[in-house]
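Since the structure comes first, as structure tokens, the remarks are kept for the end.
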4 protein chains.
Amino acid sequence: MYRFKNDYSEGAHPLIMEELLMTNRYQTVGYGEDEYTQKACELIKAHIECEEAEVHLLVGGTQTNLTALGAFLRPHEAVIAVHSGHICVHETGAIEATGHKVISVDGVHGKLTPQKIQQALNEHGDYHMVKPRMAYISNTTEVGTTYSLAELVELSEICKANDLLLFMDGARLGSALTAFNNDMRMADIAKYTDAFYIGGTKNGALFGEALVITNPELQKDFKYLIKQRGALLAKGRLLGIQFKILFEDDLFYKLALHANQTAQTLQIGLKDMGYNMLVESNSNQIFVYMSDEVIDKLKQQFDFEVWTPAGDKPAVIRLVTSWATEPHEVEKFLVTAKELINMN
Amino acid sequence: MYRFKNDYSEGAHPLIMEELLMTNRYQTVGYGEDEYTQKACELIKAHIECEEAEVHLLVGGTQTNLTALGAFLRPHEAVIAVHSGHICVHETGAIEATGHKVISVDGVHGKLTPQKIQQALNEHGDYHMVKPRMAYISNTTEVGTTYSLAELVELSEICKANDLLLFMDGARLGSALTAFNNDMRMADIAKYTDAFYIGGTKNGALFGEALVITNPELQKDFKYLIKQRGALLAKGRLLGIQFKILFEDDLFYKLALHANQTAQTLQIGLKDMGYNMLVESNSNQIFVYMSDEVIDKLKQQFDFEVWTPAGDKPAVIRLVTSWATEPHEVEKFLVTAKELINMN
Amino acid sequence: MYRFKNDYSEGAHPLIMEELLMTNRYQTVGYGEDEYTQKACELIKAHIECEEAEVHLLVGGTQTNLTALGAFLRPHEAVIAVHSGHICVHETGAIEATGHKVISVDGVHGKLTPQKIQQALNEHGDYHMVKPRMAYISNTTEVGTTYSLAELVELSEICKANDLLLFMDGARLGSALTAFNNDMRMADIAKYTDAFYIGGTKNGALFGEALVITNPELQKDFKYLIKQRGALLAKGRLLGIQFKILFEDDLFYKLALHANQTAQTLQIGLKDMGYNMLVESNSNQIFVYMSDEVIDKLKQQFDFEVWTPAGDKPAVIRLVTSWATEPHEVEKFLVTAKELINMN
Amino acid sequence: MYRFKNDYSEGAHPLIMEELLMTNRYQTVGYGEDEYTQKACELIKAHIECEEAEVHLLVGGTQTNLTALGAFLRPHEAVIAVHSGHICVHETGAIEATGHKVISVDGVHGKLTPQKIQQALNEHGDYHMVKPRMAYISNTTEVGTTYSLAELVELSEICKANDLLLFMDGARLGSALTAFNNDMRMADIAKYTDAFYIGGTKNGALFGEALVITNPELQKDFKYLIKQRGALLAKGRLLGIQFKILFEDDLFYKLALHANQTAQTLQIGLKDMGYNMLVESNSNQIFVYMSDEVIDKLKQQFDFEVWTPAGDKPAVIRLVTSWATEPHEVEKFLVTAKELINMN
């Protein structure tokens, strides 16, 4: 049974495993004060062309979101996000558990727009309501779409004009930046956001998210917050080693590109056969309308998520690829789907 | 420069690294629902002779403390701990950040006693004060001492009599259970506490703490809390694999025993030379009075923590050993200390 | 300038002021353990025909909501409410500040329905999402509508079937229970909810909300929570005295009835002239479509809130009456509105 | 049975009741935006000679403490207070419930000293521990002592030197400023603290504390926080009216002086008879050693609190006077105590 269920089905890329093994008996200090972590952070700061940034390596995405937002916001301040945003629904109220409301607005293909930000601002005008203070976006979004540079700049402008922070959840940032139509560099993100993170978990690491804080006002005492949220890894070197490898020789981008390419092979192949897509994805997640019969048959050989059960419309399945996706399994999936097309 | 600074200076035990490598390309579901995690939890439940227990694998100690205590306590309920308890001072207010007061009492050699619990109960009698609802103990304690079975039973009794939960922080549980004078089995802990955890980070794993919840009333919905606190590892298998290896062939105990034995070699050696100990440790941390001159000299070859700076009394240093401690470095430390004894 | 702006523009009903004055120099114990509070709670328990209930007197509505919900819910549990619900938008994130997500759903004329509860349940199925644990309704709603007994029973049934608590915000409960088409008794509310409160602030008291907890599982230690949230009034007798007076001789209902009747006089009068209503209100708030010209003119003599500014449709104003509303000011408003009808 | 149990046994001073009655039917806007509140705040700002201050009127002391500290501190920041400080023990963990640790240190006669602040700073040196960010003092203290101006200045200096905020809980500020040996003006407090509050509840009001924020960095958005904590009174005018009366014609000081004088009459009288004091009080609370026999007899006529039960030493009782204390009851207490002196 091959899995297209998510991008964290396997361990880590072999180069990472090798480095973990090679450094295994070296002694280092704990808590991310080791040389590997230092090196990784330097690589990232050079890569984003922002030496004033602070980089912190954390273990997971929800952890990074809650630690960052909990640190950046005062108690009455709220974050604006689209309904499908990860913090809105899929983090068991982690942001609310730090005391903050998530103001949820409609997205456009999973994306936040200046209009929606303006609407949230209009609806929150006095002290009887929370004060919007941050806009949260994910790139890629939770439905596989990506922001263009122009969209990012526009969001940045409305945020600056309204004293809002702009935060990018980059759990799948590698996939976003290697999408075929992407026109954004990581340095652009550093320039136009106040903070963002670079996802390792879903792009070849065992685990790890590199949080980049470019706004100097948000940097103060951040390590206290990491510790307080239980997010400070004793053997912090494990994060340092992984991100060092990811940011040497462009491994981060190579892995993401493989994920995108295998997903595109699936999407193009399925479309050619006549399957319809929920959205046109340019990243490593694709969303396909399928009849329950086809789904049942495919499930005998493959594992994947039924994104939306059948209702007025047919069901939608989600196929996710990763750095580790085997091309011959992609091929096999397409062959099988082709055999089933008449049942769709 | 060899480090006796802590028990998380290296990576993981080779058997763990080997298994991580061997399973690296297997595909599993995420979030700890994989077969490795299931196997690890079964091994632990069998080992503690408590099939009704729930076992959850988390990444770190502070994370486990805050997730568990935040889940088990209602907002007005507080936890009693000794001043030196990890949750009291060394977690950046993680427990308070979940809304709960830590009632801090004097310890006896780092240990909580029924008398101190009774005192806290006496001092918190009505709704103007928090309600004591849990006693928190660490084994080994933060100063390297251990609880006897009789002490544990006594604590359990006063807790039960006063509707208090008993929680054991086992970040160094391996060391406690292999201390030369230990008379407790892990099954005893399962029997006499409501929840406890088994530390992997400080005993040979890359990271990981196995939280055991034996009190069925505390088990409900616990996975929601793990997710909410950002403590749910996407590739949960990493925890499963590590604890599976630790609980096969008694590796967990073998590693801890090595740590204890090297620490005892240090303690006995130093005492024989005439150095004095702050406490008589029977675990993997020892605390030695040393003059600043001796410390300076030793620091040229070894890294360790100055636990208490010199004041009315000489300084105290802490030496920590682990599964990875090299016997010849222990030897070298003793030789050097002997050369310096006249400066003490 | 006469105000139809809200139902808390004046002080308290004269009978309440009189009793406060008369008892002013009596000495009592603090914190609601006095005889007046005891008497008030007894009156309320008798009135709702539920001796097992616990009654707690708090100062304000937001305070009551956050104290109750924060006490009743575990950290991962969430409350379902309609968008217009007071806890959703108009409490500055008070519920989120206690750590809980408010799951916001569309209302039907401001009311929550079983269908919407079911939808929220369907969308929250596993531990990656918060767990719906409570349904929150307001009666009257924030747009002046009321629940029928049949609706309440239906809500109660779906809640019971899904292990949800049912909580009623009764900031304007007096108005709801004296609405001309009301078919519910306060005893019904006690029977079909787990907790609710009886608003004093908006019905003739200086301040005060009587929280009634009928579900015995929610009663434990509640006074601790009141204190912790800063909601325990030192001179608790002030609350006791006021609710005692309100629940003697049906004053609570008489005051609410006056508010409703003056509002109905306004609504019927305006409709007769040709003004249109946003919703058909049967309580003490009415919502009238008006042109900006009419609003400007009326504002020269009266203060009221512009509920929705003019857009595609004309603006909507809100007129609120209370126990203190002067009939001759109602008359004057109608006369003025009639003069302006051609500008509408 | 006459009560010396606390300073909130009665209602309000007649002048306050009169004004509440006189203004009862006036219509005002809510939430403290009315003219009475504005007037009260202006009177206070003039009185403290600090026009840049912000004044907010809240209902109670615990509420004020939690709202202010929760607003002023970032999540990892902690407040230093003496063990007997109100926030340490007597607020049911209200500060912790907002997420902050209270660092508890020994007091000297109930007072915080620069030495104790320095000790707390020394013990909290890195990101594994909370960051001390505020010093909390009460004046009068919880054991009836007061700070001198020199002590206040000294505390202010160490706070400024270490980037700590200085906060004064003034629940009994009137009593402090009218103590016979007091050398401080309220304007001094405004000058040397970052925020403080002026207690009304214990000095003649029905309820009410006036929080003064002099540090402009702490003023931003404070009203949001008041609302979020459920501390925004709908009929905010009630607070405005009361503080307006208290700060007209020095009523605030006259009431406090009466309380102090009656307490001193008790203290001097009891000492003259041979009773011993726990501390030498100069305010409205006195603490007297008494045998259980004497206590039993006095309890037949008077209500008061047994502060410390008899142990190695005799019991200590607390007698509290207020603006409302009747001189003839003081006389009667002294006469009775004199008759019982042989039983002591």
Side-chain angles (χ1 to χ4, degrees), chain A residues 1-3 5-14 17-18 20-21 23-31 58-67 70 90-94 96-98 171 201-202 205-207 223-238 241 303 324, chain B residues 1-3 5-14 17-18 20-21 23-31 58-67 70 90-94 96-98 171 201-202 205-207 223-238 241 303 324:
Chain A
M1 172 89 66
Y2 196 77
R3 298 179 194 272
K5 190 147 188 173
N6 57 46
D7 27 21
Y8 38 91
S9 294
E10 290 89 358
H13 187 269
M17 292 308 290
E18 195 179 292
L20 286 172
L21 214 64
T23 59
N24 189 50
R25 290 301 291 258
Y26 294 173
Q27 287 191 316
T28 62
V29 291
Y31 306 117
L58 290 97
V59 170
T62 296
Q63 183 183 81
T64 306
N65 285 332
L66 80 87
T67 304
H90 288 90
E91 300 190 349
T92 320
E96 288 85 357
T98 68
T201 305
K202 294 173 178 168
L206 288 176
F207 53 84
K223 209 142 183 185
Y224 284 85
L225 278 306
I226 296 179
K227 174 75 180 192
Q228 188 180 62
R229 300 302 185 188
L232 190 62
L233 198 60
K235 301 186 182 180
R237 64 198 259 161
L238 302 174
I241 290 163
D303 192 19
Chain B
M1 174 88 66
Y2 196 77
R3 298 176 194 275
K5 191 148 188 171
N6 57 46
D7 27 20
Y8 38 90
S9 294
E10 290 89 357
H13 187 269
M17 291 309 290
E18 193 178 292
L20 286 172
L21 213 64
T23 59
N24 189 50
R25 291 301 292 258
Y26 295 173
Q27 289 190 316
T28 61
V29 291
Y31 307 116
L58 290 96
V59 171
T62 297
Q63 182 182 80
T64 305
N65 285 332
L66 79 87
T67 304
H90 289 90
E91 300 191 349
T92 319
E96 288 86 355
T98 68
T201 305
K202 294 173 178 169
L206 288 176
F207 54 84
K223 210 144 182 184
Y224 284 84
L225 280 305
I226 297 179
K227 174 78 179 189
Q228 187 180 63
R229 300 302 185 188
L232 191 62
L233 197 61
K235 301 185 183 179
R237 62 197 260 162
L238 301 174
I241 290 163
D303 192 20

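Not measured: the values here are computed from a predicted model.
With a 4.5 angstrom heavy-atom cutoff, A:Leu238 touches chain B only via side-chain atoms. Of the two parts of A:Tyr26, only the backbone, made up of N, CA, C and O, holds a non-hydrogen atom closer than 4.5 Å to a non-hydrogen atom of chain B. With a threshold of 4.5 angstrom between heavy atoms, A:Ala205 approaches chain B through N, CA, C or O but not through any side-chain atom.
The candidate from A:Val59, A:Leu233, A:Val29 with the greatest count of non-hydrogen atom pairs under 4.5 Å with chain B is A:Val29. When each of B:Gln63, B:Glu96, B:Lys5 is checked for heavy-atom pairs under 4.5 Å with chain A, B:Gln63 comes out on top. When each of A:Gly30, A:Gly60, A:Gly70, A:Ala324 is scored by its heavy-atom pairs under 4.5 Å with chain B, the top score falls to A:Ala324. Ranked by heavy-atom pairs under 4.5 Å with chain B, the list A:Thr98, A:Leu66, A:Thr67, A:Thr23 is led by A:Leu66. Listed options A:Thr64, A:Leu206, A:Leu225 were ranked by heavy-atom pairs under 4.5 angstrom with chain B; first place goes to A:Leu206.
By the 4.5 Å heavy-atom criterion applied to side chains, B:His90 and A:Lys227 are not counted as neighbours. Contact check for A:Tyr2 versus B:Gln27: side-chain heavy atoms found under the 4.5 Å cut-off.
Atoms NZ and NZ, on B:Lys202 and A:Lys235 in that order, are 10.5 Å from each other to the nearest 0.5 Å. Once rounded to the nearest 0.5 Å, the distance linking CE of A:Met17 with CZ of B:Arg25 reads 11.5 Å.
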Under the side-chain contact (heavy atoms from CB on, under 4.5 Å) rule, what do B:Thr62 and A:Leu232 come out as? Steps first, then yes or no, please. CA-CA 9 Å; B:Thr62 297; A:Leu232 190 62; over 6 Å; no

Do B:Glu10 and A:Asn24 pass the side-chain contact (heavy atoms from CB on, under 4.5 Å) test, and can you show the C-alpha distance, the side-chain angles, and the key distance before you say yes or no? CA-CA 6 Å; B:Glu10 290 89 357; A:Asn24 189 50; 5.9 Å; no

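A donor-acceptor pair under 3.5 Å is formed between the side chain of A:Arg237 and the backbone N or O of B:Ser9.
Summarising the geometry of A:Gln228 relative to B:Ala94, their closest heavy-atom pair is O-CB, 3.2 Å, with the distance given to 0.1 Å.
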